[in-house]
Amino acid sequence: MKLKFTIIILLIVSSWFYFTANDKNNLIEVKNDKNNLIEVKYSSNKQQQLKYINEEDWMEKYLATKQNQFSGLGVKVAVLDTEENSKCDYYNNQNIKKHRTLHSDEIVSTIQKISPDVTLYCATVASANGEVYAHDFLSGIEWAIEQDVDIINMSLGFKQNIEEAEPVLKLAYLKGIVMISAAGNNGENFLEYPASSQYVIAVGALDSNGNRWIHSNYGDNLDFVLPGVFYSSVEGYKHGTSYSTAIMSGLVSRILEEYPTFTQSDVYIKLIEMTNNQAEFNKFKGYGTPTFSES
């Protein structure tokens, strides 16, 4: 298999979104038959709330974040996503006018939950409803390179490879940028692009039992899996490899603060070490789940 040393950000091209509602389970799902931002949310019923209410902080416990003293201070993370309200330090689009929470707001919040002191650069490459076009994706990467960021988070993806994007991803890699992207949310033996690129770290999702989330894409190029299923008393139940990707960006931010001279290869090897040799590489979980646990 091909060893990858860069972090992938999951980009998703969407033409049409459709919303499905299930009255029995009180389910609201954002979905697309072709390509789109990876975001699935549930407005939980009482039974679901009872199941997840005591697990609201399970992700931090699972990753043992309290056993690591770093917070991403001095690390620059670019988020390629929808527009973002107010939490980013720098934007490539100053004309931000919106009154509702979008995908990028949740991705930024997830990164900050792991590494609260990172410096965030937000590149708007997707519309509010999740449509992403190749030229906007390329422009976002180029802008991130110009900002001299350390990490590019791509919580979105394309169903097909973008030939003209590979040279740009290669340039970012040669600049020392760690790129991270989501595997996809269709439960298929297929990684979306740019997660499938050799220059990007591909991240799949775990459910709240620590097992591979059934809808997380998998394949021989999958690198790691991280939590992707959450319950929030404010937002309800939500899941997706987008969140797993954001968590990886937070973990890598801590690593780069602790080891500022690390190359992408060093980061990748460190992440493998942090899995504590959970299992041999396999296409369902990659190298496993990096945590700060000392055991």
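Quick note: numbers below take in every heavy atom, side chains included, and nothing from hydrogens, waters or symmetry partners.
- Using a 4.5 Å cut-off on side-chain heavy atoms (C-beta onward), Val108 and Leu120 make contact.
- Using modelled atom types, one side-chain atom of Arg254 and one backbone atom of Asn68 make a donor-acceptor pair closer than 3.5 Å.
- Between Thr289 and Phe224 there is no side-chain heavy-atom pair separated by less than 4.5 Å.
- Residues Ile272 and Tyr259 share a single hydrophobic cluster, defined by chaining ILVMFWY side chains whose heavy atoms lie under 4.5 Å apart.
- Aromatic ring pairs are classed by plane angle as parallel below 30°, tilted from 30° to 60° and perpendicular above 60°; the pair Tyr193 and Phe137 is perpendicular.
- The nearest pair of heavy atoms linking Ala126 to Val132 is CB-CG2, 3.4 Å.
- Between the side chains of Gln67 and Ser293, not a single donor N or O lies within less than 3.5 Å of an accepting N or O.
- Residues Asp266 and Thr263 bring a donor and an acceptor atom of their side chains to less than 3.5 Å of each other.
- Heavy-atom minimum distance, Ser216 versus Gly204: OG-CA, 3.4 Å.
- Note that CG of Leu251 is 8.5 Å distant from OG of Ser253, once rounded to the nearest 0.5 Å.
- Atom NZ of Lys175 is separated from atom CG of Asp150 by 13.5 Å, given to the nearest 0.5 angstrom.
- A 4.5 Å side-chain heavy-atom check between Ile247 and Leu63 finds at least one atom pair inside the cut-off.
- Note: Leu226 CG to Thr245 OG1 = 8.5 Å, rounded to the nearest 0.5 Å.
- In this structure, Tyr268 and Tyr287 have perpendicular ring planes: the angle between them is above 60°, well past the 30° mark.
- Within the 4.5 Å cutoff, the side chain of Ile152 has heavy atoms near those of the Val149 side chain.
- Other residues, nucleotides and ligands contribute only 12 or fewer heavy atoms inside 6.0 Å of the CD atom of Glu163.
- Ser196 and Asn161 get closest at one heavy-atom pair: OG-OD1, 3.3 Å.
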> After noting the C-alpha distance and the side-chain angles of Asn211 and Leu206, does the key distance pass the side-chain contact (heavy atoms from CB on, under 4.5 Å) rule?
Replying inline: CA-CA 5 Å; Asn211 299 318; Leu206 295 173; 5.8 Å; no
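- In this structure, Tyr121 and Trp143 have side chains that are in contact, with non-hydrogen atoms separated by less than 4.5 Å.
- Here the CD-OH distance, from Gln198 to Tyr173, works out to 8.5 Å after rounding to the nearest 0.5 Å.
- For the residue pair Thr241 and Asn217, no side-chain donor N or O sits within less than 3.5 Å of a side-chain acceptor on the partner.
- Here the OG atom belonging to Ser208 is positioned 10.5 Å from the OH atom belonging to Tyr62, to the nearest 0.5 angstrom.
- Considering every non-hydrogen atom in both Ala205 and Gly228, the closest pair reads CB-CA, 4.0 Å.
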> Do Thr82 and Asp105 pass the side-chain contact (heavy atoms from CB on, under 4.5 Å) test, and can you show the C-alpha distance, the side-chain angles, and the key distance before you say yes or no?
Replying inline: CA-CA 8 Å; Thr82 61; Asp105 296 305; 5.9 Å; no
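- In this structure, Val225 is not a member of the same hydrophobic cluster as Phe190, with clusters built from ILVMFWY side-chain heavy atoms closer than 4.5 Å.
- You'll find the side chain of Lys285 reaches within 4.5 Å of the side chain of Asn282, heavy atoms only.
- Closest of all the heavy-atom pairs between Ser115 and Gly250 is OG-O, 2.7 Å.
- In this structure, Leu169 and Pro194 have side chains that are in contact, with non-hydrogen atoms separated by less than 4.5 Å.
- A side-chain contact (heavy atoms from CB on, under 4.5 Å) with Pro290 holds for exactly one of Met248, Lys270, Glu273; it is Met248.
- Criterion: ILVMFWY side-chain heavy atoms under 4.5 Å apart, direct or through other members. Under it, Val125 and Leu138 are part of a common hydrophobic cluster.
- The backbone N or O of Val118 sits nowhere less than 3.5 Å from a side-chain atom of Gln112 that would complete a donor-acceptor pair.
- Side chains of Met274 and Thr291 form no contact here, defined as non-hydrogen atoms less than 4.5 Å apart.
- Between Trp213 and His215, the two ring planes are perpendicular [angle over 60°; tilted spans 30° to 60°].
- The closest donor-acceptor contact from the side chain of Asn186 to the backbone of Glu188 lies at 3.5 Å or more, if one exists at all.
- In terms of heavy atoms, Ser242 sits closest to His103 at OG-NE2, 3.1 Å.
- A distance of 12.0 Å separates CD1 of Ile107 from CG of Leu80, quoted to the nearest 0.5 Å.
- Asp117 and Ser71 form a side-chain donor-acceptor contact under 3.5 Å, judged by distance and modelled atom types alone.
- Put simply, Val75 and Phe262 are part of the same group of oily side chains (I, L, V, M, F, W, Y) that touch within less than 4.5 Å, one to the next.
- Glu257 contributes a side-chain N or O that, together with a main-chain N or O of Leu73, makes up a donor-acceptor pair within less than 3.5 Å.
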>> Run the side-chain contact (heavy atoms from CB on, under 4.5 Å) test on Ile145 and Asp148 for me, step by step, so that the C-alpha distance in whole Å, both residues' side-chain angles and the decisive distance to 0.1 Å come before the verdict.
In response: CA-CA 5 Å; Ile145 293 172; Asp148 194 28; over 6 Å; no
> Yes or no on side-chain contact (heavy atoms from CB on, under 4.5 Å) for Val168 and Glu142, after CA distance, side-chain angles and deciding distance?
Replying inline: CA-CA 7 Å; Val168 183; Glu142 291 168 346; 4.0 Å; yes
